[in-house]
Asker: 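I have a structure I would like to understand better, so I am pasting it below and will then ask my questions one at a time.
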Amino acid sequence: MKRYFAAAIFFVLFTSQAGARPYQDMFPNRTDFTDAEKPLLEKLNFQQGVIKLPDAKATLNVPADFYYLSPADAMTVLVDIWGNPRAAAEGTMGMIFPAKYAPTDIEAWGSTVEYSADGYVSDADAATTNYDELLQNIKDSIRENNVEREKQGFPKITLVGWASAPHYDTSAHAMHWARDLMFGDDTKPQHTLNYSVRVLGREGVFQFNFIAGLDQLKEIEGVIPTVTKLVHFDKGMAYTDYVEGDKIAAYGMAGMIAAGAGAKIAAKVGLLALALAFFKKAGILVVIAFGAVLRFAKGLFNRNKTPTA
């Protein structure tokens with residue numbers, strides 16, 4: 001009996017780790033990694049297949065053309081490789097990347113994975129929201145907030161416009177949109193992409209926030225249909241499992257999009273009860289986005305520089 005029990009434990013442990021691979025297995029044909037990059041890549045376990053996320057009551061089904069990194073590994077990427085502040089990188093459920101890029105590649109892009117258990121988000125306003133008007137309100141709010149940002153020594157943010165207008169996929173119950181952002185006062189500032197995907201569940205919202213350059217927009221747009229289908233909620237937790245009496249989120253579709261601009265936008269779009277925690281999370285993502293700007297504009301982790309470790 002003990003032998004069978006031990007064998008069962010071994011099987012569980014083996015299968016739970018079967019999707020984790022070292023970088024040498026993930027990129028078997030790559031011989032161009034530098035001596036500075038290799039120690040950082042050796043810290044990472046590249047995972048594919050079924051990734052269980054109990055806190056979100058869901059799993060990610062990661063196909064062969066993507067890979068997943070755990071929260072600890074995501075911290076290594078965001079802080080040690082991409083140079084973001086540690087506080088900005090906390091609280092994720094990991095990251096996903098296209099399998100053709102290693103996180104150390106200068107052209108690499110990825111998405112943080114998060115979940116907000118804020119309740120059931122009504123999609124009733126998805127088709128009726130005036131997204132051009134919402135965009136202008138967000139622009140005004142960011143402009144107002146820049147005064148305080150610059151006082152605190154941070155570069156101002158300019159929202160140029162929608163890089164991809166908000167779109168709601170009714171079959172996947174997923175909203176996605178992208179913003180074209182610039183940071184600072186340079187005469188030729190670097191544009192950065194702030195692409196967001198939200199997949200709705202019965203009790204909350206799955207969040208994918210892409211960290212990339214604007215020139216990668218088409219590449220990311222091409223994988224959005226795949227990304228919206230990565231999430232599989234546990235039995236009874238899907239969006240369509242809602243029953244009367246479930247917790248209702250304090251924001252709708254417009255609120256999800258406006259959240260990244262800060263709480264001032266809430267009053268402008270009539271969102272009187274937006275959750276403060278939601279805004280705090282969205283604000284952190286602005287810091288991560290700024291880290292992406294530095295990475296692309298200043299060439300952090302390029303072939304001619306020694307990466308931070």
Side-chain angles (χ1 to χ4, degrees), residues 12-23 25-27 43-78 82 89-103 108-121 168-169 171-178 195-212 216 219-241 256 278 281-282 284-285 288:
V12 169
L13 291 175
F14 177 79
T15 53
S16 66
Q17 293 296 319
R21 306 161 64 185
Y23 83 91
D25 288 352
M26 189 70 213
F27 308 101
K43 296 180 181 179
L44 308 177
N45 286 316
F46 298 83
Q47 301 181 55
Q48 295 175 314
V50 176
I51 310 298
K52 294 186 178 298
L53 300 173
D55 289 345
K57 299 180 181 178
T59 60
L60 292 182
N61 287 348
V62 182
D65 50 352
F66 277 86
Y67 61 83
Y68 165 85
L69 296 179
S70 70
D73 287 347
M75 179 71 75
T76 296
V77 171
L78 292 170
W82 289 3
E90 291 175 346
T92 76
M93 288 186 168
M95 293 184 72
I96 58 168
F97 290 84
K100 65 180 179 179
Y101 297 130
W109 54 264
S111 173
T112 57
V113 178
E114 299 184 55
Y115 178 76
S116 291
D118 295 332
Y120 178 89
V121 177
Y168 184 58
D169 183 335
S171 62
H173 303 289
M175 172 68 84
H176 54 92
W177 70 95
Y195 207 120
S196 302
V197 176
R198 301 290 184 266
V199 181
L200 309 182
R202 178 180 176 181
E203 295 183 346
V205 182
F206 230 100
Q207 305 174 11
F208 296 96
N209 296 284
F210 290 83
I211 304 166
Q216 295 168 307
E219 188 177 354
I220 294 175
E221 283 182 328
V223 304
I224 293 303
T226 299
V227 172
T228 59
K229 294 177 175 61
L230 293 181
V231 180
H232 291 259
F233 287 100
D234 295 349
K235 186 177 181 180
M237 292 295 108
Y239 192 72
T240 52
D241 292 319
M256 288 196 303
F278 189 83
K281 260 188 185 176
I284 284 175
L285 291 173
I288 293 178

Asker: State, yes or no, whether a side-chain contact exists between Y115 and D55 at a heavy-atom distance under 4.5 Å.
Answerer: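 A side-chain contact under 4.5 Å is absent here.
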Asker: Using every non-hydrogen atom in the two residues, find where W177 and Y195 come nearest and quote the distance to one decimal.
Answerer: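 That would be O-CD2, 3.4 Å.
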Asker: Ring centroids only, cut at 6.0 angstrom: are F46 and F27 within range, meaning strictly under it?
Answerer: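 Yes, they do, as the ring centres are separated by less than 6.0 Å.
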Asker: Compare every heavy atom of W109 with every heavy atom of P98, then report the nearest pair and how far apart it is.
Answerer: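 Smallest heavy-atom distance, with atoms named: CD-O, 3.2 Å.
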Asker: So, for V62 and Q47, which heavy atoms are closest and what is the spacing to 0.1 Å?
Answerer: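 Here V62 and Q47 meet closest at CG1-O, 4.2 Å.
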Asker: In the structure I gave you, are the side-chain heavy atoms of L230 and P63 within less than 4.5 Å of one another anywhere?
Answerer: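 Yes; the side chains approach each other to less than 4.5 Å.
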Asker: Below 4.5 Å, heavy atoms only, C-beta onward: do I224 and D169 meet side chain to side chain?
Answerer: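 I224 does not reach D169 side chain to side chain.
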Asker: Is there a side-chain contact between M256 and Q207 in this structure, where contact means two heavy atoms from C-beta onward sitting under 4.5 Å apart?
Answerer: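 Not touching, per the 4.5 Å side-chain cut-off.
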Asker: Is any side-chain heavy atom of L78 closer than 4.5 Å to one of M95?
Answerer: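 They are in contact (side-chain heavy atoms under 4.5 Å apart), so the answer is yes.
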Asker: Looking at side-chain heavy atoms only, is the closest gap between V231 and L60 below 4.5 Å?
Answerer: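 Side-chain contact under 4.5 Å: yes.
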Asker: Distance check, rounded to the nearest 0.5 Å: K57 atom NZ versus F233 atom CZ?
Answerer: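 Separation between the atoms: 11.0 Å.
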Asker: Going from CD on E203 to OH on Y239, what distance comes out if it is rounded to the nearest 0.5 angstrom?
Answerer: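 Separation between the atoms: 13.5 Å.
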Asker: Between V205 and D118, is a side-chain contact (heavy atoms from CB on, under 4.5 Å) present by the stated rule, with each step listed?
Answerer: CA-CA 7 Å; V205 182; D118 295 332; 5.9 Å; no
Asker: A56 and F206: which non-hydrogen atoms are nearest, and at how many Å?
Answerer: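 For A56 and F206, the tightest heavy-atom pair comes out as CB-CE1, 3.7 Å.
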Asker: As an exercise, state the distance from CD of E114 to CE of M93, rounded to the nearest 0.5 Å.
Answerer: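 Interatomic distance, E114 CD to M93 CE, rounded to 0.5 Å: 8.5 Å.
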Asker: How many angstroms lie between atom CD1 of I96 and atom OG1 of T226, to the nearest 0.5 angstrom?
Answerer: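 The CD1 atom of I96 sits 9.5 Å away from the OG1 atom of T226.
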Asker: Report the distance from atom CG of L44 to atom OG1 of T76, rounding to the nearest 0.5 Å.
Answerer: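 Reported to 0.5 Å precision, the distance equals 6.0 Å.
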Asker: Rounded to the nearest 0.5 Å, how far apart are CZ of F66 and OH of Y101?
Answerer: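 Here the interatomic distance stands at 11.0 Å.
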Asker: Going by the side chain to side chain donor-acceptor pair (under 3.5 Å) test, which pairs reach into residues 59-74, not counting sequence neighbours?
Answerer: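 Every pair satisfying side chain to side chain donor-acceptor pair (under 3.5 Å) with a residue in residues 59-74: N61-H232.
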Asker: Would you name the heavy atoms of A108 and A102 that are closest together and state the gap between them?
Answerer: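 In this case the closest contact between A108 and A102 is CB-O, 3.2 Å.
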Asker: For a quick test of reading the model, state the closest non-hydrogen atom pair linking Y168 to A174 and the distance between them.
Answerer: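 It is CD1-O, 3.4 Å.
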